[in-house]
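Encoded as structure tokens, the structure appears first; notes follow it.
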Amino acid sequence: MEPAVKYRLIHQDKHSGARLGELITPHGTFPTPMFMPVGTQASVKTMAPEELDTMGATVILANTYHLWLRPGPELIEEAGGLHRFMNWQKGILTDSGGFQVFSLADTRHITEDGVTFKNHLNGAKMFLSPEKAIAIENALGPDIMMSLDECPPFFESYDYVKKSVARTSRWAERGLKAHKNPDWQALFGIVQGAGFRDLREQSAKDLVSMDFPGYSIGGLSVGESKEEMNHVLDFTTPLLPQDKPRYLMGVGSADALIDGALRGIDMFDCVLPTRIARNGTCMTSRGRLVIKNAKYAHDFGPLDPNCDCYACRNYSRAYIRHLIHVGEAFGIRLTTYHNLYFLLHLMQQVREAIANDDLLAFREDFFEAYGYNKAKAKNF
RNA sequence: GGAGGAGUAGCGAAGAGGCUAAACGCGGCGGACUGUAAAUCCGCUCCUUCGGGUUCAUAGGUUCGAAUCCUAUCUCCUCCA
């Protein structure tokens with residue numbers, strides 16, 4: 001049987017591990033490396049699907065845990081699946097709730113069977129197992145589903161991470177077994193292992209032997225340095241099959257996207273652009289710009305002079321600062337649009353650079369302008 | 001004209017002799033944010049050469065000690081004429 005999602009390698013950068021490719025899904029074929037905006041509760045906060053499409057988004061995320069709580073998988077199934085429910089006709093990927101095992105750490109209990117949570121809405125006890133996660137994801141109907149994993153803290157002890165990785169592998173196998181729609185939904189496995197090379201190797205080996213249609217790398221960007229993260233990618237990515245997509249979970253700063261692509265990552269997702277947008281910070285070609293700062297009160301130029309997005313073409317820093325200042329929803333819609341466009345456009349530039357075997361040079365130029373080679377990003 | 005009430009930091013508002021440079025909220029300023037419990041959270045917000053210096057309408061007074069008690073003055077609000 002053909003997997004629901006396939007990867008086609010188009011070109012590999014001559015000077016790095018970067019790959020130009022295509023992710024072939026039931027809802028379209030999309031170029032990689034790609035950045036996927038996060039829409040936890042079946043909505044990329046403040047953005048209409050039409051806007052996401054216009055800015056160039058191809059795959060977006062939703063979250064199993066949150067949709068399980070509300071409105072419930074039955075309702076989404078009744079609506080005809082997530083695509084119809086939220087009116088998004090391109091790709092959808094659902095996270096398994098594995099990250100919530102990490103982020104709700106103080107109210108959960110992990111056993112071999114699964115995870116007992118106290119849900120964050122009313123404290124009710126809930127139980128999520130690999131099978132349960134798959135059942136929910138089967139009902140939600142995304143193109144790509146993630147298997148339930150445990151995302152241990154980066155600086156957790158070796159012994160703990162070793163046990164955790166082994167359990168995540170067993171959970172992956174159980175998920176694969178429970179999966180009812182492999183012909184139209186792809187289940188990805190998640191490589192864990194924190195910063196331990198042999199554990200990452202073991203994790204990758206376990207999962208590759210199960211032959212998933214795609215692999216993700218989890219447990220990064222959780223407090224470790226960029227050097228540590230890149231180091232883990234350096235030895236982990238080569239362990240994954242060339243003919244399958246590789247997805248680095250939860251990474252979304254511009255520099256990390258480039259550094260990830262350089263190491264052969266094809267997919268990224270992150271709440272960073274949308275979250276910081278709502279909190280008044282914009283990503284620009286010259287580093288982060290805190291638009292709510294007083295110094296932009298009289299600045300009638302665009303957020304980023306080098307950007308041609310809807311927000312930058314039509315609205316000034318002074319206006320956007322004003323909107324955010326007074327709490328108008330339109331303000332955070334503009335910053336959200338801009339930040340997502342910025343990363344989506346960045347990935348397009350990365351793809352072009354790979355096609356030209358030029359990603360290393362692109363990285364140099366980008367980092368120079370971004371201020372990443374300096375001690376601090378420079379604003380302008 | 002008579003009777004009550006009130007004046008506290010940019011604003012609102014606690015405080016009713018020492019633990020008060022003065023709670024709390026708003027506003028202002030700055031920071032954080034990476035598989036979203038986040039349009040959230042955290043700092044700072046009288047002056048300072050960081051030793052200290054000036055504050056609670058104003059001016060006196062009582063007290064070891066006053067935003068807090070007393071006296072006068074000014075301003076504002078309510079009710080009655």
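Order of the sequence lines fixes the chain letters, A, B, ..., with proteins taken first and strands second; residue numbering starts at 1 for each chain.
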Could you let me know what B:C24 is paired to, Watson-Crick or G-U wobble, both distances under 3.5 Å, or none if it's on its own? B:G12
Geometric class of the A:F330/A:Y315 ring pair [parallel <30°, tilted 30-60°, perpendicular >60°]: perpendicular
Check RNA chain B against residues 128-139 of chain A and give the residues with a non-hydrogen atom under 4.0 Å, in numerical order. none
Can you tell me how far C1' in B:C80 sits from the matching atom in B:A72, rounded to whole Å? 26 Å
Please examine the side chains of A:L257 and A:M347, heavy atoms only from C-beta on, and report whether any two atoms are closer than 4.5 Å. yes
Going by purine N1 to pyrimidine N3 plus the second Watson-Crick contact, or the G-U wobble pair, all under 3.5 Å, which nucleotide sits opposite B:G17? none
Kindly say whether, by distance alone, the side chain of A:K295 makes a donor-acceptor pair under 3.5 Å with the base of B:G30? no
Using the purine O4'-C1'-N9-C4 or pyrimidine O4'-C1'-N1-C2 torsion, is B:G51 syn (within 90° of 0) or anti? syn
Atom NZ of A:K292 and atom C1' of B:C44: how far apart are they, to the nearest Å? 14 Å
P-based separation of B:G53 from B:A38 [nearest Å]: 49 Å
Identity of whatever pairs with B:A67 - Watson-Crick or G-U, under 3.5 angstrom: none
B:C74 and B:G25, which share atom name C1', separated by this distance in whole Å: 30 Å
Suppose you measure atom P in B:C33 against the same atom in B:G28; what distance do you get, rounded to whole Å? 23 Å
Name of the residue among A:I332, A:L52, A:T54, A:T274 meeting side chain to side chain contact (heavy atoms under 4.5 Å, CB included) with A:Y337: A:T54
A:Y7 and side chain to side chain contact (heavy atoms under 4.5 Å, CB included): which partner among A:T32, A:I24, A:D243? A:T32
Does either side chain, that of A:T168 or that of A:Q192, offer a donor lying less than 3.5 Å from an acceptor on the other one? no
Watson-Crick or G-U wobble mate for B:C79, both contacts under 3.5 Å: B:G2
Plane angle bin for A:F212 and A:Y215 - parallel if under 30°, tilted between 30 and 60°, otherwise perpendicular: perpendicular
Quick one about A:H345 and A:D308 (side-chain donor to acceptor, distance below 3.5 Å, no hydrogens or angles considered), yes or no? no
Considering all heavy atoms of both residues, which atom of A:V101 and which atom of A:R108 are nearest to each other, and what is their separation? O-NH1, 2.5 Å
Return the pairing partner of B:U49 with a 3.5 Å limit on both distances, Watson-Crick or G-U wobble; otherwise return none. none
Which letters describe nucleotides 34-39 of chain B, given B = protein heavy atom under 4.0 Å from base, S = only from sugar-phosphate, - = neither? BBBBBB
What nucleic acid atoms does A:R108 come within less than 4.0 Å of, heavy atoms only: base, sugar-phosphate, or nothing? nothing
Quick check: closest heavy atoms across A:P273 and A:L343, and the distance to 0.1 Å? CG-CD1, 3.6 Å
Can you check the distance between B:C76 and B:G27, where both ends of the measurement are the C1' atom (answer in whole Å)? 24 Å
Which value, in whole Å, describes the distance between the P atoms of nucleotides B:U62 and B:A14? 31 Å
Suppose we define a pair by two distances each less than 3.5 Å, Watson-Crick or G-U wobble; what does B:U73 pair with here? B:A57
Please give the nucleotide sitting opposite B:U34 as a Watson-Crick or G-U wobble pair, both distances under 3.5 Å, or none. none
Taking atom P of B:A32 as reference, at what distance in whole Å does atom CE of A:M283 sit? 13 Å
For atom P, what is the distance between B:A9 and B:A3, given to the nearest Å? 30 Å
Which value, in whole Å, describes the distance between the P atoms of nucleotides B:C46 and B:C11? 13 Å
Would you mind checking if A:R167 and A:E112 are paired as a salt bridge, meaning a charged N to carboxylate O distance below 4.0 Å? no
